[in-house]
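To keep things clear, I will list the structure first and then write my remarks on it.
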Amino acid sequence: LDILPDRLAWYIAGPLIGLCVVALYALINERMGVTTSYRVVAQIVTRRPVQDLWRLWFFVGLAAGAFLASALRGGPRLNTDYGALGALVPLALLVPVLFLGGLISGFGARWGNGCTSGHGISGTSSLSPASFVATATFVATAVAITFLIHGLTGGDL
Amino acid sequence: MNRSSLFVGACFGFLITAAGLNSYDVIHDMLLLRELDVYLLMASAVMTAAPLLLLLRRLQWRTPQGETMVPRQAPARLNNLLGGATFGLGWAIAGTCPGPALAMVAGGSLLGIPVMAGLVTGVFLFDRVAARFRRTPSAPWSAPVRQTQLQSAGAETEL
């Protein structure tokens, strides 16, 4: 099956993602954020009491939806691709780099009380001052660091 | 409640992959300002959700379980700035964030697994560090999560 376009246009995907935020508030009165789902996973892995079980269901749903979208694109296909970063960095180095990137963003997202979905989309949608500050900060930082990486790799990345 | 979150999660996951947000190159090009589509996507999501949330709040919308809907608002604090900058660093390195990392793995990208393992570890580490600092009173970098209600004239709340 290969019926989904390579990239759904932003003006279709964006408003629909906005409706996801509204739906989660309208149905269960919760802010849509993914980092807290990782927290539930961490609670399960470390065998601590799980708070907010709905976040685990949200996580499972997210995986199922992404799987479905891949299936409509002829996948899912097991692969070790990682775009331009994968083309430049050997696999043995890429795995620890990606783990570190994940670790730093997981720590930062909990510290700042939200990530790109929790603050960047949901929090700003409810006009929360904390979310505007966090979103402006992480976008500005990520752009600056990406330009730094671009310079340090001589434009390869 | 769990059925609702499963359904909304599925829609969100579908859209993440459909829009290509699970691709390193898409996020990297966004952060290099080579392509503005993802910024436009985020802005259009917010511009769709914000007026609808204001409207539902004004209507004093209740969830199927009878809870009054209250979009969360929190005052800006130092932890939003410091945590945001830390998150931005990790985001730039991995070229992905928590939702898209899971979408990567669900689509067969094995290298999403170390990112997800890192995310779980980072989240766990923060909770450990925060628990330690919480014993130190009034540390500004461990500001407590405070959620206040959306200011809406005369609306009653049940939170």
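In what follows, every heavy atom counts, from backbone to side chain, and hydrogens, waters and symmetry copies are set aside. Lettering of chains follows the sequences in order, A, B, ..., and the numbering in each one begins at 1.
B:Leu40 has its side chain out of reach of A:Tyr11: every pair of non-hydrogen atoms, C-beta onward, lies at least 4.5 Å apart. Annotation: side chain of B:Val115 is in contact with side chain of A:Tyr82 (closest heavy-atom distance under 4.5 Å). No side-chain heavy atom of A:Val41 sits less than 4.5 Å from a side-chain heavy atom of B:Val123. Side-chain contact between B:Leu119 and A:Ser105 is present, with at least one heavy-atom pair separated by less than 4.5 Å.
Heavy-atom distances place the side chain of B:Leu56, and not its backbone, under 4.5 Å from chain A. Heavy-atom distances place the side chain of A:Thr46, and not its backbone, under 4.5 Å from chain B. Contact of A:Arg77 with chain B is made through the backbone alone, with heavy-atom distances under 4.5 Å. For A:Phe59, the parts lying under 4.5 angstrom from a heavy atom of chain B are both the backbone and the side chain. A:Asp81 touches chain B through its backbone: at least one of N, CA, C or O sits under 4.5 Å from a heavy atom, while the side chain does not. When heavy atoms are compared at a cutoff of 4.5 Å, A:Gln43 does not approach chain B at all. For B:Tyr39, the part sitting under 4.5 Å from any heavy atom of chain A is the side chain, from C-beta outward, and nothing else. Contact of A:Leu56 with chain B is not made at all, since no heavy-atom distance falls under 4.5 Å. Contacts between A:Leu85 and chain B at a heavy-atom distance below 4.5 Å involve backbone atoms as well as side-chain atoms. Only the side chain of A:Ile149 has a heavy atom closer than 4.5 Å to any heavy atom of chain B. For chain A, the nearby part of B:Arg34 is the side chain; its heavy atoms alone come within less than 4.5 Å. Proximity to chain A is limited to the side chain of B:Asp127, based on heavy atoms less than 4.5 angstrom apart. Proximity to chain A is limited to the side chain of B:Val129, based on heavy atoms less than 4.5 angstrom apart. Heavy atoms closer than 4.5 Å to chain A are found nowhere in B:Met47, neither backbone nor side chain. A:Leu72 touches chain B through its side chain: at least one heavy atom from C-beta onward sits under 4.5 Å away, while N, CA, C and O do not. Neither the backbone nor the side chain of B:Ser23 comes within contact range of chain A; no heavy atoms are under 4.5 Å apart. Both the backbone and the side chain of A:Ala109 come within less than 4.5 Å of a heavy atom in chain B.
Between chain A and the options B:Ala43, B:Ala94, B:Ser5, B:Ala103, heavy-atom pairs under 4.5 Å are most frequent for B:Ser5. Put simply, of A:Glu30, A:Arg39, A:His119, the one with the most heavy-atom pairs under 4.5 Å next to chain B is A:Arg39. Put simply, of A:Leu91, A:Thr80, A:Ile12, the one with the most heavy-atom pairs under 4.5 Å next to chain B is A:Thr80. Looking only at heavy-atom pairs under 4.5 Å with chain A, the residue among B:Leu125, B:Asn80, B:Leu33 that has the most is B:Asn80. Counting heavy-atom pairs closer than 4.5 Å to chain B, the top-ranked of the candidates A:Gly83, A:Ser37, A:Ala9 is A:Gly83. Interface check for chain A: of the options B:Gly107, B:Gly118, B:Gly90, the most heavy-atom pairs under 4.5 Å are formed by B:Gly118. Put simply, of B:Thr48, B:Thr121, B:Leu21, B:Ile27, the one with the most heavy-atom pairs under 4.5 Å next to chain A is B:Thr48. Ranked by non-hydrogen atom pairs under 4.5 Å with chain A, the options B:Val105, B:Val46, B:Val120 are led by B:Val46. For the options A:Val133, A:Ile17, A:Leu53, heavy-atom pairs under 4.5 Å to chain B are most numerous at A:Ile17. The choice from A:Ala136, A:Ala23, A:Gly112 that makes the most heavy-atom pairs within less than 4.5 Å of chain B is A:Gly112. Ranked by non-hydrogen atom pairs under 4.5 Å with chain B, the options A:Ala71, A:Gly18, A:Ala13, A:Ala66 are led by A:Ala66. Options B:Gly20, B:Ser44, B:Ser4 differ in how many heavy-atom pairs under 4.5 Å they form with chain A, and the most are formed by B:Ser44.
The minimum heavy-atom distance linking B:Leu31 with B:Ala92 is given by the pair CD1-CA, 4.1 Å. Residues B:Pro98 and A:Thr35 approach most closely at CG-OG1, 3.6 Å, considering heavy atoms.
Each ring pair (Phe, Tyr, Trp, His ring centres under 6.0 Å) pair with one or both residues in residues 51-75 of chain B, not counting sequence neighbours, would appear here, but there are none.
Between B:Phe124 and A:Tyr38, the distance from one ring center to the other does not fall under 6.0 angstrom.
Around atom CH2 of A:Trp10, more than 12 heavy atoms belonging to other residues, nucleotides or ligands sit under 6.0 Å away.
Residues A:Ser126 and B:Arg72 bring no donor and acceptor atom of their side chains to less than 3.5 Å of each other.
B:Met42 CE to A:Thr116 OG1: the interatomic distance, rounded to the nearest 0.5 Å, is 6.5 Å. Taken to the nearest 0.5 Å, the OG atom of A:Ser122 stands 6.5 Å off from the CZ atom of A:Arg31.
Taking the six-membered ring for Trp and thresholds of 30 and 60 degrees, A:Trp54 and A:Phe58 have ring planes more than 60 degrees apart, a perpendicular arrangement.
With respect to A:Asp2 and A:Arg73, no salt bridge is recorded, no charged nitrogen being found less than 4.0 Å from a carboxylate O.
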Do B:Thr68 and B:Arg57 pass the side chain to side chain contact (heavy atoms under 4.5 Å, CB included) test, and can you show the C-alpha distance, the side-chain angles, and the key distance before you say yes or no? CA-CA 9 Å; B:Thr68 303; B:Arg57 185 75 187 93; 4.3 Å; yes
Is there a side-chain hydrogen bond (donor to acceptor under 3.5 Å, both in side chains) between A:Thr36 and A:Arg55 once you walk through the steps? CA-CA 7 Å; A:Thr36 40; A:Arg55 298 184 188 281; 2.8 Å; yes
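Among the candidates A:Thr146, A:Thr141, A:Val139, A:Ile145, the single residue satisfying the side-chain contact (heavy atoms from CB on, under 4.5 Å) test with A:Val143 is A:Val139.
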